[in-house]
Amino acid sequence: MFAASHLFRSSVTPLRRFSTSSRLCSAIPVLQPWKTHLPAPSNPQSPLIHTFFHSPTSTWQFLVVDQSTKKAMLLDPALDYDPSSGAVDTKEVHGVLGFVREKGYSVERIIETHVHADHLTGAQVWKKLVKPTPPLCIGKRVVQVQATLAPAYAIPSSSLQNAFDHLLDDDETFQLGSLTCTVKHLPGHTPDSIGIQVGDCVFAGDSIFLPDVGSARADFPGGSASHLYSSTQFLLSLPPTTRIFSGHDYPGEDRSKSCFSTVADQKMANLHLKDGVEEAEFLKMRKERDSSLAVPRLLHASLQVNLRGGRLPEKDEEGRRWMRVPIEVKGGEEEEF
Ligand SMILES: [Fe+2]
């Protein structure tokens, strides 16, 4: 468990931008989807979905397409970051973008399901490369997350304002070509977490994971296991054949990675939330489990970029960018230093 107060004592780490303008973009291989999920034939609102797995952070990126118009939305795009060197690399964005161009899709929106704490978003790189520029959207409670966490990193308010192009309201609907998409507030993992419901699919971000993984942690500042339980109960109340797409997967050795399961599968087998698990039992499990989880490896870099909507920290007077990393003294007293 960690609290926002842990973030206030900081050192800094240099940030290098591995700009693809300095190398031939054509040399970056086009990424092919891990899988392409066809629309459900019985549901005219069912989307075509290409799924891309960002292995370094076990993150699923979803390219959701209306087949009739080739209009697409991109959920939770990832950006490579090496905390040892401070290097940011855009090859993941260019790889997925190459696929988008091969298919002739028009990316209409970029959506973040929440402010991620385990990977950097590639949203701003996408915005630079795609024309016309798609709006970057996130749930409206991102302002609450920014207010809680940005002071710890001394992020200027000017970098928070307009970090995102559109704040999605609860139950807001929008069109993706002929498909109607609905925003669902799914708090718990973070207060700003949302899902996107379209046809027989829900892109649920970090709420419920594959059945043998269970559920997302709820110990981030503003997180709530009780809210997470309520959010998952909404998901599990959907029709049994509904496909729930999760934001990450952490498979064990006995299966390969996967990105979705049906409501029926989840109700039958979810490690934390199968039928019969009451809220009190879930809260006890979540509290015990969260207290044993490590701080995400890319926590500080992720927040400093993602709170800014994917922009890097501002340059200093010498033209360099820096990440701030808090120091926590363990095994002794701070006065010893
Ligand atoms: Fe997350």
Side-chain angles (χ1 to χ4, degrees), residues 1-4 7 51-62 74-81 83 92 110-123 136-146 148-150 152-153 163-164 168 183-196 202-210 213-232 235 244-251 257-260 272-273 286 289-290 292-310:
M1 171 102 181
F2 54 90
L7 306 175
T51 49
F52 295 86
F53 191 67
H54 184 244
S55 297
T57 60
S58 300
T59 299
W60 286 111
Q61 307 166 90
F62 298 110
L74 180 65
L75 274 66
D76 292 336
L79 183 71
D80 282 301
Y81 175 67
E92 182 79 13
I110 304 167
I111 296 179
E112 301 287 355
T113 56
H114 58 293
V115 175
H116 308 283
D118 51 17
H119 71 276
L120 281 64
T121 173
L136 173 57
C137 309
I138 195 168
K140 65 180 181 181
R141 292 172 187 80
V142 69
V143 293
Q144 179 183 334
V145 177
Q146 289 175 318
T148 302
L149 296 176
Y153 300 110
F164 301 92
L168 296 161
V183 178
K184 305 306 293 187
H185 184 213
L186 300 175
H189 173 61
T190 64
D192 66 322
S193 290
I194 58 166
I196 303 294
V202 185
F203 299 90
D206 297 358
S207 51
I208 202 165
F209 289 143
L210 273 288
V213 179
S215 59
R217 66 193 300 168
D219 61 336
F220 293 129
S224 161
S226 179
H227 292 169
L228 183 61
Y229 185 81
S230 298
S231 295
T232 59
L235 293 169
I244 300 176
F245 288 81
S246 300
H248 296 282
D249 192 29
Y250 310 100
K257 61 180 175 281
S258 181
C259 62
F260 83 92
H272 302 156
L273 292 155
R286 212 48 276 169
R289 180 155 173 71
D290 287 349
S292 71
L293 295 175
V295 171
R297 189 173 64 92
L298 299 181
L299 172 75
H300 302 295
S302 298
L303 291 178
Q304 286 169 83
V305 170
N306 297 343
L307 290 167
R308 290 174 165 94

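Counting starts at 1 for both ligands and their atoms, in listed order. Position 1 is the first residue of the sequence, and the numbers go up from there. Both backbone and side-chain heavy atoms feed into the values below; hydrogens, waters and symmetry mates do not.
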*Do the two ring centres, one from H54 and one from H119, sit under 6.0 Å apart?*
no
*Of all N/O/S atoms in D206, the name of the one nearest the Fe ion (ligand 1)*: OD2
*Flag H114 as yes if one of its N/O/S atoms falls below 2.8 Å of the Fe ion (ligand 1), otherwise no.*
yes
*Using a 4.5 Å cut-off on heavy atoms from C-beta on, say whether the side chain of I208 contacts that of S215.*
no
_Ring centres under 6.0 angstrom apart (F53, W60)_ = yes
*Among the N, O or S atoms that H189 has, which is closest to the Fe ion (ligand 1)?*
NE2
*Quick check: does any side chain N or O of H185 sit under 3.5 Å from a backbone N or O of P191, one acting as donor and the other as acceptor?*
yes
